[in-house]
Protein chains: 2
Amino acid sequence: MTPELLEDVAARFKVLAEPARLQVLDALADGPRHVSALMEATGLNQANLSKHLQMLHAHGFVSRRREGLFVYYELADDSVFTLCDLACGAVEARAQRAAERHARPRR
Amino acid sequence: MTPELLEDVAARFKVLAEPARLQVLDALADGPRHVSALMEATGLNQANLSKHLQMLHAHGFVSRRREGLFVYYELADDSVFTLCDLACGAVEARAQRAAERHARPRR
DNA sequence: GCTGTATATTGCTGAATAGTCATATAGCGA
DNA sequence: TCGCTATATGACTATTCAGCAATATACAGC
């Protein structure tokens, strides 16, 4: 593990370490959307959403395509959902264990 | 995707969004290590490393076990390396594409 | 050209946090 | 008990960044 690779991987995780961006990715799961549609889907305001989209694009998570006045964003990296599923799975497993400890606290 | 799940998943990614913590996890890949050994392996100072370990532990990435004066940390979640491999793969794929664009710039 | 709409960018502020130093706690042996 | 070592925690600083408001840019129609 070279220091640069650590940096790059950490940077990639950092992009995903933000609920708003996960929400955007989730909104893109069904297909391309333009910015206004994403604003509505996520509730983010225009400037904020635009910045998140810039970051997602800069890191290769989404691609963009202009059509007239609209800019369509689309998922560019299928591995995102694998990552999220793994993270979700771990989160849920922890919640489950916590619930079980609460149900029958053996300590 | 409920807001809380988004928060939880983002929080989990945030733990991994730090080169120092990835380095710690990497150092634990071969088996349990106590704090002093991790200091040497990572070059982090004691206070800083201890904080990173607290965070890794709080999020369930590692488990801890006391043996006399020493505290041994151990990986508690195998999915970490799957996550990292995916992220590494994406990073490398991007580097590869960038290199190819540089080698034969068709624009 | 001008006007309106969609998106991007800039500047700012508040909140979170990595790193460091100093200090505190935990466990061992004498 | 005391002294020593290993680890944890508190206080502080500097940096990063999400969110917001205002402004700028890109494009279409006239």
Side-chain angles (χ1 to χ4, degrees), chain A residues 3-4 6-28 32-76, chain B residues 1 3-4 6-28 32-74 76:
Chain A
E4 307 128 30
L6 285 173
E7 289 278 353
D8 289 348
V9 172
R12 199 164 174 81
F13 281 131
K14 189 168 291 181
V15 177
L16 300 178
E18 179 60 41
R21 283 191 288 269
L22 294 178
Q23 205 182 351
V24 171
L25 292 173
D26 188 48
L28 290 174
R33 294 272 189 285
H34 60 254
V35 179
S36 300
L38 289 172
M39 281 177 60
E40 191 167 0
T42 62
L44 299 171
N45 78 24
Q46 189 266 319
N48 195 13
L49 173 59
S50 185
K51 279 203 213 169
H52 287 308
L53 287 169
Q54 301 314 304
M55 179 171 289
L56 289 168
H57 183 252
H59 284 81
F61 288 98
V62 301
S63 61
R64 55 151 54 102
R65 152 176 52 98
R66 181 136 215 159
E67 284 191 17
L69 281 180
F70 297 85
V71 176
Y72 284 82
Y73 284 86
E74 184 170 6
L75 286 177
Chain B
M1 286 293 256
E4 307 127 31
L6 285 173
E7 288 280 353
D8 289 349
V9 172
R12 199 163 175 83
F13 280 130
K14 189 167 292 183
V15 177
L16 299 178
E18 179 62 40
R21 283 190 288 269
L22 294 178
Q23 204 183 351
V24 171
L25 292 173
D26 188 48
L28 290 174
R33 294 271 187 286
H34 61 254
V35 179
S36 300
L38 288 173
M39 282 177 60
E40 191 167 0
T42 61
L44 298 171
N45 78 23
Q46 189 266 320
N48 196 13
L49 173 59
S50 185
K51 283 199 205 171
H52 286 308
L53 287 170
Q54 301 315 304
M55 179 171 289
L56 288 168
H57 183 251
H59 283 81
F61 289 98
V62 300
S63 61
R64 55 152 51 106
R65 152 177 51 99
R66 182 138 216 155
E67 282 190 18
L69 281 181
F70 296 85
V71 176
Y72 283 82
Y73 283 87
E74 183 171 5

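Here is how names work: the chains are called A, B, and so on, in the same order as the sequence lines, proteins then strands, and each is numbered from 1.
In this structure, A:His34 places its NE2 atom 16 Å from C1' of D:dA26, rounding to the nearest Å. Counting to the nearest Å, the P atom of D:dT16 and the CD atom of A:Glu18 are 17 Å from each other. Whole-Å rounding puts the B:Leu53 CG to C:dG19 P distance at 13 Å. One can place CG of B:Leu44 at 7 Å from P of C:dG19, the figure rounded to the nearest angstrom. Computed from coordinates, the A:Met39 CE to C:dT5 P distance equals 14 Å when rounded to whole Å. One interatomic measurement links the two molecules: CZ of A:Arg33 to C1' of C:dT7, which rounds to 18 Å at whole-angstrom precision. C:dT20 atom P lies 12 Å from atom CG of B:Leu49, rounded to whole Å. In this structure, A:Met55 atom CE and C:dA8 atom P are separated by 14 Å, rounded to whole Å.
Going from atom OH of A:Tyr72 over to atom CG of A:Leu38 covers 10.5 Å, rounded to the nearest 0.5 Å. The distance from the CZ atom of B:Phe70 to the CZ atom of B:Arg33 is 14.0 Å, given to the nearest 0.5 Å.
The shortest heavy-atom contact between B:Arg21 and B:Val15 is NE-O, 2.6 Å. Residues A:His52 and A:Ala20 come closest through the heavy atom pair NE2-CB, 3.7 Å.
The base of D:dT16 does not come close enough to the side chain of A:Lys14 for any donor and acceptor atom to sit less than 3.5 Å apart. On a pure distance criterion of 3.5 Å, a polar donor-acceptor pair joins the side chain of B:Gln46 and the base of D:dA8.
Residue B:His52 places at least one side-chain N or O closer than 4.0 Å to OP1 or OP2 of C:dG19. Considering only side-chain N and O atoms, B:Ser36 lies under 4.0 angstrom from the phosphate OP1 or OP2 of D:dT7. Proximity of A:Arg64 to the phosphate of C:dT7: no side-chain N or O atom is located under 4.0 Å from OP1 or OP2. Taking side-chain N and O atoms only, B:Asn45 has a distance below 4.0 Å to OP1 or OP2 of C:dT20. The shortest distance between the side-chain N/O atoms of B:Arg21 and the OP1/OP2 oxygens of C:dA18 is below 4.0 Å. A close approach under 4.0 Å does not occur between any side-chain nitrogen or oxygen of B:Tyr72 and OP1 or OP2 of D:dA6.
When the nucleotides D:dC17, C:dT9, C:dA18 are ranked by their closest atom to the side chain of A:Gln54, C:dT9 comes out on top. Of all nucleotides listed (C:dA22, C:dA8, C:dG4), C:dG4 comes nearest to the side chain of A:Leu69. Taking the side chain of B:Ser50 as heavy atoms from C-beta on, and the options D:dA26, D:dT9, C:dA8, the nearest nucleotide is D:dT9. Closest to the B:Asn48 side chain, of the nucleotides C:dA18, D:dT9, C:dT10, is C:dA18. Nearest to the side chain of A:Lys51, among D:dT7, C:dT10, C:dA8, sits C:dT10. For A:Phe70, the listed nucleotide lying nearest its side chain is C:dT7; candidates were C:dT7, C:dA18, C:dA8. Listed nucleotides D:dA18, C:dT7, C:dA26 differ in distance to A:Val35; the shortest reach to its side chain belongs to C:dT7.
Each of A:Glu67 and A:Ala20 was assigned the nucleotide of DNA chain D with the nearest heavy atom; the assignment lying further toward the 5' end belongs to A:Ala20.
Within the 3.5 Å criterion, the main-chain N or O of A:Pro3 finds no donor-acceptor partner in the side chain of A:Glu7.
Relative ring orientation between B:Phe13 and A:Phe13 is described as parallel, the plane-to-plane angle staying below 30° on a 0-90° scale split at 30° and 60°.
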